[in-house]
Amino acid sequence: MQLFGSFTSPYVRHCRLVLAQTGLECEFVETDAVASAELSPTKKVPFLIDGALTLTDSVVILKYLREKAGQVFFSEMKDFELFAMVNTVMDATVNIFFLEKQDNIQVSDSQYLQRQQGRVESGLACLNQAALTDKLPLSDGQLRLACFLDWGVYRQRIDLTPYSALAALLTLAKTDPQFTATAPPENS
């Protein structure tokens with residue numbers, strides 16, 4: 001089994017965390033945008049190859065890995081809703097990041113990006129009000145949130161100062177050795 005991705009992607013990181021948690025044997029193959037465009041029909045990371053099976057979305061990969069390890073992927077609807085909300089906010093944040101970085105399009109230049117920025121701000125406020133845990137292990141919804149928050153801080157896309165509950169969750173996540181072991185490398 002091979003997982004293809006980058007060390008900085010929050011989507012890939014969640015998959016790497018589940019691999020660490022489950023103990024499944026899998027080779028991590030670092031790849032970039034050029035290689036993923038050649039190897040994956042969706043032209044993005046992560047993607048996973050297990051024999052003849054190719055999976056091209058992190059949600060599907062996570063479900064596959066949990067079930068392959070005999071675990072349940074989302075036993076509670078509230079946690080699945082948290083996961084889905086995080087995906088929406090994370091997708092908007094990542095889109096803004098790449099449009100600014102690769103195309104030099106600023107939020108102020110685009111009504112679409114202004115809407116995306118509004119989605120990020122209202123989403124973070126709502127996530128900050130969610131019932132979050134104060135102990136490990138984190139559920140998949142909370143892991144997804146922690147991966148996103150750490151990426152957002154790492155890429156200087158979000159400031160957690162106004163979001164005390166989110167900051168507390170990230171602090172808790174950073175006490176998990178598997179979470180810290182999958183952190184993006186410095187200066188990437």
Using atom types as modelled and distance alone, determine if a side-chain donor or acceptor of Glu27 lies under 3.5 Å from a backbone N or O of Leu3.
-> no
Phe98 meets the side chain to side chain contact (heavy atoms under 4.5 Å, CB included) criterion, sequence neighbours left out, with Val94, Gln102
Thr93 side chain vs Val89 backbone, donor-acceptor pair below 3.5 Å = yes
Please say which of Gln114, Arg115, Glu121 ends up in a side-chain hydrogen bond (donor to acceptor under 3.5 Å, both in side chains) with Gln117.
-> Glu121
What are the two closest non-hydrogen atoms of Leu132 and Ala165, and how far apart are they?
-> CD1-O, 3.9 Å
Parallel, tilted or perpendicular: rings of Phe47 and Phe4 (30°, 60°) | parallel
Are Tyr64 and Leu17 connected in the hydrophobic side-chain network, where two residues link if heavy atoms are under 4.5 Å apart?
-> no
Nearest-0.5 Å distance that lies between atom CZ in Phe179 and atom SG in Cys147 = 5.0 Å
Could you go through the side-chain contact (heavy atoms from CB on, under 4.5 Å) check for Leu62 and Cys15 one step at a time?
-> CA-CA 6 Å; Leu62 291 168; Cys15 295; 4.0 Å; yes
Hits for salt bridge (Lys or Arg N to Asp or Glu O under 4.0 Å) against Lys78, two or more places apart or cross-chain, chain-then-number order -> none
d(Ser36 OG, Lys43 NZ) to nearest 0.5 Å is 8.5 Å
Qualifying residues under side chain to side chain contact (heavy atoms under 4.5 Å, CB included), relative to Leu99, sequence neighbours excluded | Asp103, Ile105, Leu113
Rounded to the nearest 0.5 Å, what separation is found between the CG atom of Leu55 and the OG atom of Ser40?
-> 10.5 Å
Residues in side chain to side chain contact (heavy atoms under 4.5 Å, CB included) contact with Thr175, at least two apart in sequence or another chain | Leu136, Leu172
Residue set satisfying salt bridge (Lys or Arg N to Asp or Glu O under 4.0 Å) with Asp176, at least two apart, ordered chain then number -> none
Cation-pi geometry met for Arg16 and Phe28 (6.0 Å, 45°) = yes
Under a single-linkage definition using a 4.5 Å side-chain heavy-atom cutoff for Ile, Leu, Val, Met, Phe, Trp and Tyr, are Leu160 and Leu143 assigned to the same hydrophobic cluster?
-> yes
Basic-acidic side-chain contact under 4.0 Å: Asp150, Lys174 | yes
Nearest heavy-atom neighbours spanning Val12 and Gly5 | CG2-CA, 3.8 Å
Other residues, nucleotides, ligands: >12 heavy atoms within 6.0 Å of Gln71 CD = yes
From Leu19 atom CG to His14 atom NE2, the distance as rounded to the nearest 0.5 Å = 10.5 Å
Compare every heavy atom of Ala92 with every heavy atom of Arg119, then report the nearest pair and how far apart it is.
-> CD-CB, 4.2 Å
Listed partners of Asp109 passing salt bridge (Lys or Arg N to Asp or Glu O under 4.0 Å), at least two apart = none
For the student: nearest non-hydrogen atoms of Ala130 and Leu82, plus distance = CB-CD1, 4.4 Å
Taking all atoms of both residues into account, what is the closest heavy-atom pair of Leu149 and Leu166, and its distance?
-> CD1-O, 3.5 Å
Side-chain heavy atoms of Phe83 within contact of Val59, under 4.5 Å = yes
Hydrophobic cluster membership, Leu127 vs Phe80, 4.5 Å side-chain cutoff | no
State which residues pass side-chain hydrogen bond (donor to acceptor under 3.5 Å, both in side chains) with Glu67; sequence neighbours excluded, sorted by chain then number.
-> Lys63
Does Met85 reach the side chain of Leu145, with side-chain heavy atoms less than 4.5 Å apart?
-> no
Quick one: do Leu65 and Gln21 satisfy side-chain contact (heavy atoms from CB on, under 4.5 Å)? Show the steps, please.
-> CA-CA 10 Å; Leu65 295 175; Gln21 290 176 341; over 6 Å; no
Closest approach of Asp50 and Met1, non-hydrogen atoms and distance?
-> OD2-SD, 3.8 Å
Considering residues at least two apart in sequence or located in another chain, which fulfil the ring-ring contact (aromatic ring centres under 6.0 Å, His included) criterion with Tyr11?
-> none
Are side-chain heavy atoms of Val60 and Phe73 found at a separation under 4.5 Å?
-> no
Report yes or no: do Leu53 and Val45 belong to one cluster of Ile/Leu/Val/Met/Phe/Trp/Tyr joined by side chain heavy-atom distances under 4.5 Å?
-> yes
Those residues at least two apart in sequence (or on a different chain) that pass side-chain hydrogen bond (donor to acceptor under 3.5 Å, both in side chains) with Asp32 are none
Gap separating the SG atom of Cys26 from the NZ atom of Lys68, nearest 0.5 angstrom | 9.0 Å
Any residue meeting side chain to side chain contact (heavy atoms under 4.5 Å, CB included) with Glu100, in chain and number order, not counting sequence neighbours = Ile96, Gln106, Val107, Arg157
Residues pairing under side-chain hydrogen bond (donor to acceptor under 3.5 Å, both in side chains) where one sits in residues 79-89, two or more places apart or in two chains, turn out to be Asp79-Ser139, Asn87-Arg144
State, with a plain yes or no, whether a side-chain heavy atom of Tyr163 is found less than 4.5 Å away from one of Ile158.
-> no
Sorted by chain and number, sequence neighbours left out, salt bridge (Lys or Arg N to Asp or Glu O under 4.0 Å) with Asp57 holds for Lys44
Rounded distance [0.5 Å steps], CG in Leu124 versus CZ in Phe148 = 5.0 Å
Same cluster for Phe97 and Tyr154 if Ile/Leu/Val/Met/Phe/Trp/Tyr side chains link at under 4.5 Å?
-> no
